[in-house]
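Chain identifiers are assigned alphabetically (A, B, ...) following the order of the sequence lines, protein sequences preceding nucleic acid strands; residue numbering begins at 1 within each chain. Only a predicted model underlies this, so the values are computations on that prediction, with no experimental measurement involved.
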Amino acid sequence: MATTTAAAEAADAAGGEREPVLSVRDLRVWYGTERGPVRAVDGVTFDVRPGETLGLVGESGCGKSTLGRGVLGLTPTGTALSGVVDFKGTNLVGLPPKRLQKLRGPDLGLIFQEPMTRLNPLMKISEHFEEALRTHERKLSKTAIRERALEALRGMGIPPSRYNSYPHEFSGGMRQRIMIALALVLRPAFVVADEPTTALDVLVEAQIIKILADLRKNFDTALVLITHNLGIVAEACDRVAVMYAGHIVEQGDAREVFANPQHPYTKELLRSTISLSTTGLHYIPGSPPDLGRPLEGCRFAARCPVAMRGCEEHEPPEVVLAGGVRSACWHQALEADPSLGEELGKDGREPLAVKEISVADEA
Amino acid sequence: MPTKPDTESVAVLDADGGAGDGARQDVLMEVRDLQVHFGMRGGALARLTGRKKGAVKAVDGVDLTLRKGEVLGLVGESGSGKTTLGRTLLGLNRATGGSITYRGQDLAQLREGRLRPMRRMLQMVFQDPHASLNPAMTIRTAVGHPLRIHGLVKDDDEYDAKVTDALERVGLTPPERFLDKFPADLSGGQKQRAVLARAIIADPELLVADEPISMLDMSVRAKILQLMLDLKRDLDLTYVYVTHDLASAKFFCDTIAIMYLGRIVEIGPTDQVFSDPKHPYTKALLAAIPEPDPHRGVPRDLPRGEVPDAAQPPLGCSFHPRCPVALAGCGWEARDLRALLERRWLDLPPQEYAREKGLIGNLDVLSAPRLTTVALAPGKGHDSAELVEYLRQLREEASETEPREPFWRGVTTMREDGGQVVVEFAAPADPKLLPVVDSDVRVACHLYGESQA
Ligand SMILES: Nc1ncnc2c1ncn2[C@@H]1O[C@H](COP(=O)(O)OP(=O)(O)OP(=O)(O)O)[C@@H](O)[C@H]1O
Ligand SMILES: Nc1ncnc2c1ncn2[C@@H]1O[C@H](COP(=O)(O)OP(=O)(O)O)[C@@H](O)[C@H]1O
Ligand code: SF4
Ligand code: SF4
Ligand SMILES: [Mg+2]
Ligand SMILES: [Mg+2]
């Protein structure tokens, strides 16, 4: 971990890991719908430390955005939350909206996908910063605001001479960088960025990823980066969490997980990504399960190439593997502790006969 | 058929008359000096004063030869003109210049009435599957639509048989399950399959697919690409694949055309373009792709800035403001001086920034496009001697810094004149797309001697 603060150096010198800025324990986020609850996040546990970037990946509909909003308390009304989101000693779950609102900005930040919808076309960039800073730091003078804003903008490569321009005078990439500057001008300790570069071109995307990487170095910001681009995770994240159907199925050091994926879903996801070294197409048949129905056993069983009979009924326990990687799959669980096999029953370890999945049954 | 995944053979690019050896493929479409300029509506005042606000040169002099069975990739950043070019090939946009020869006729000149029967052979697949299907139409009606407009069936039975066949081909099976569904009942991938079914139902020759997978979830992308490969093989299709995703283009295309601001800056067989990119822009694009390879490090040199406004393109080579190796004649102009100053100021502490900015009167004189001579007034309380000294000092500093700032190569003089500082730039030259020796690639860049006019 490359961090520059004294605290980080002290912690590194002591050989210990730094205290997480955010600790999530058994978080559940259920949407209330006419059909009953949709269990979009269903028991998720992870930590994020200062200056660390955690990449969150998985297919569409697996609960990434819900998790990102859930930890910030930004879920729509009618959503049920349970579990613990410990932010510097305060449990955010169940915190009154007023107190959450206060934390948002100076402590917790969110970067959305579409920049144009978030910047007011009638307000100059300077006015956006004045508004953001005044809301949380009432006593700042106009000069102080300007200095803080220009510093944040400079970090994103927006020249000071453009401070008084309107949003439409910038390109899409610049607007997205302005949005990021706005989220960061309050120096939040923890930021969720939900697909911040999906709508952008490779070059602008690469610039933003570089900026986010600098950020954690310079400000010790902890970041959860939600993306469908596994290349970005490999390059810009310290750790990665792979989500499937409301669960985190594998998490650990990003390089370790990519070099040596353990969970069958991670393996399949990596294989099906089209990259410069792709020479043949591979894909995972079918699609993630409907989270509005009760699910039992391993949620990936219907699509898993190495599923066993017992997987369909018995939920795999999470085990910690070498290098600190956690995976929730019976194969790794049995390797770690063969006695667990009894739980799978008599023929539980026989290969599961794969049902033919029609190509059309897909996301 | 040259589709890469099927065979090893690669479409040989005909570099201006030089016939490639091996079996020459039939030419399907020949595009010469194609231009698509969109007029910009200036205000009433602009019309009164006769000052045109100019035009967006969305496609600005494109030459292409599309061979039967080929997959041609149009790759470039947003606004480079990929979609406009693709649409124009199908007659969905009007060309404002040049020709598109298809089946002995020039599509660029054909009237709408004569164009319509051609459209059956030329189909388009759009980026957003949600927007390309009418939400009020069942799949049966939507997919069979081209059959009706082109009058290709005699009765409902034949209609249903063709729709069923098309659905089967795209994997929407059993078709009965989908015929009476509405788009809202389908997932993104299923919708894109339906869109493909509609595109192939009239038995076309050419399919222009505009970012067909970019709105889809990553796990569905490979499936749709595989389907497109299957369709191509079964139906003898030719594809133009529009994308800004280089990884899928590398896998999918036989030929790659890299576009920048309305022009093709590099074109050639995919493997050559990827293994030995020539144009600095191509190199930059390739370097920017994040790879899920844990052994590749983070630091990458990215070109500065962004794609310029197509309504006011840079002088000379459009890429010059971002090009790390640009030469004197690449098109330097006043706007580049402003960008240079702003880049410098980004890194300065506030006081120094204020001091340096104070030396210059009004920066806005540097914002007018295509100025090769500009007079810069000093700021309040300063004189031209101080200003010219400042600029010379910047140049001096730059000459000692690596990587070398290419901007200064383009500055021919900086002198005081009547209390102002006049800066002059080298004459700009437009790079032409010309063949590179010892390869099948053509490139538009002054670095390649042969391509200098
Ligand atoms: N109907 C139109 N009127 C005016 N300008 C247009 C029109 N259509 C496109 N343009 C302009 O032409 C240029 C090229 O646009 P085009 O949509 O072809 O780019 P593209 O390469 O497909 O970009 P993207 O990757 O964002 O889809 C842009 O500057 C665009 O704003
Ligand atoms: N406001 C909502 N009401 C009901 N269900 C929702 C809502 N938002 C998301 N969902 C459902 O929750 C699940 C997870 O969605 P989401 O968090 O958006 O996943 P991702 O970001 O991974 O694509 C999906 O099944 C989705 O349909
Ligand atoms: S628990 Fe069984 S079904 Fe689930 S991922 Fe592991 S092997 Fe596959
Ligand atoms: S012509 Fe070549 S060297 Fe000159 S600016 Fe363009 S890309 Fe760079
Ligand atoms: Mg999402
Ligand atoms: Mg486009």
- Query: Less than 4.5 Å apart, any side-chain heavy atom of B:Phe274 and any of A:Leu276?
  - Reply: yes
- Task: Heavy-atom distances under 4.5 Å only: say whether A:Leu269 touches chain B with side chain, backbone, both or neither.
- Result: side chain
- Message: Could you go through A:His282 and B:Lys223, starting from their C-alpha distance and side-chain angles, then the distance that decides it, and tell me whether this counts as side chain to side chain contact (heavy atoms under 4.5 Å, CB included)?
- Response: CA-CA 8 Å; A:His282 175 82; B:Lys223 298 182 196 174; over 6 Å; no
- Between A:Ser161 and B:Leu363, which heavy-atom pair has the shortest distance, and what is it? CB-CD1, 4.5 Å
- Would you name the heavy atoms of A:Glu59 and B:Met218 that are closest together and state the gap between them? N-CE, 4.2 Å
- Task: To the nearest 0.5 angstrom, please state how far the CD atom of A:Glu205 sits from the CD atom of B:Glu77.
- Result: 11.0 Å
- Which atom names give the shortest non-hydrogen contact between B:Ile289 and A:Glu235, and what distance separates them? O-OE2, 4.1 Å
- Query: Where does B:Arg322 contact chain A at under 4.5 Å (heavy atoms): side chain, backbone, both or neither?
  - Reply: side chain
- Query: So what's closer than 4.5 Å to chain A heavy atoms on B:Arg343: side chain, backbone, both or neither?
  - Reply: neither
- Start with the C-alpha gap between B:Ser219 and A:His228, add the side-chain angles, then the distance that decides, and say whether side chain to side chain contact (heavy atoms under 4.5 Å, CB included) holds. CA-CA 9 Å; B:Ser219 58; A:His228 66 259; over 6 Å; no
- Message: I'd like to know if the side chain of B:Lys250 reaches the main chain of A:Ser277, judged simply by a donor and an acceptor atom lying under 3.5 Å from each other, with no hydrogens or angles considered.
- Response: no
- Heavy-atom donor-acceptor pair, B:Asp217 side chain to A:Ser60 backbone, under 3.5 Å: yes
- Query: Where does B:Asp347 contact chain A at under 4.5 Å (heavy atoms): side chain, backbone, both or neither?
  - Reply: backbone
- Message: So B:Tyr353 and A:Pro160, do their side chains get closer than 4.5 Å, heavy atoms only?
- Response: yes
- Task: Answer whether the closest heavy-atom distance between the side chains of B:Leu346 and A:Leu153 falls below 4.5 Å.
- Result: no
- Message: Contact between A:Glu151 and B:Pro350 at the side-chain level, heavy atoms closer than 4.5 Å - yes or no?
- Response: no
- Note on the structure: Applying a strict 4.5 Å limit to non-hydrogen atoms, the region of B:Leu167 in contact with chain A is neither
- Note on the structure: Distance col, row B:Ile224:CD1 vs A:Leu281:CG, nearest 0.5 angstrom, shows 11.5 Å
- Query: Which pair of heavy atoms, one from B:Ala288 and one from A:Leu203, lies closest together, and at what distance?
  - Reply: CB-CD2, 3.4 Å
- Which answer fits A:Arg177, side chain, backbone, both or neither, if we ask what part of it has an atom under 4.5 Å from a heavy atom of chain B? side chain
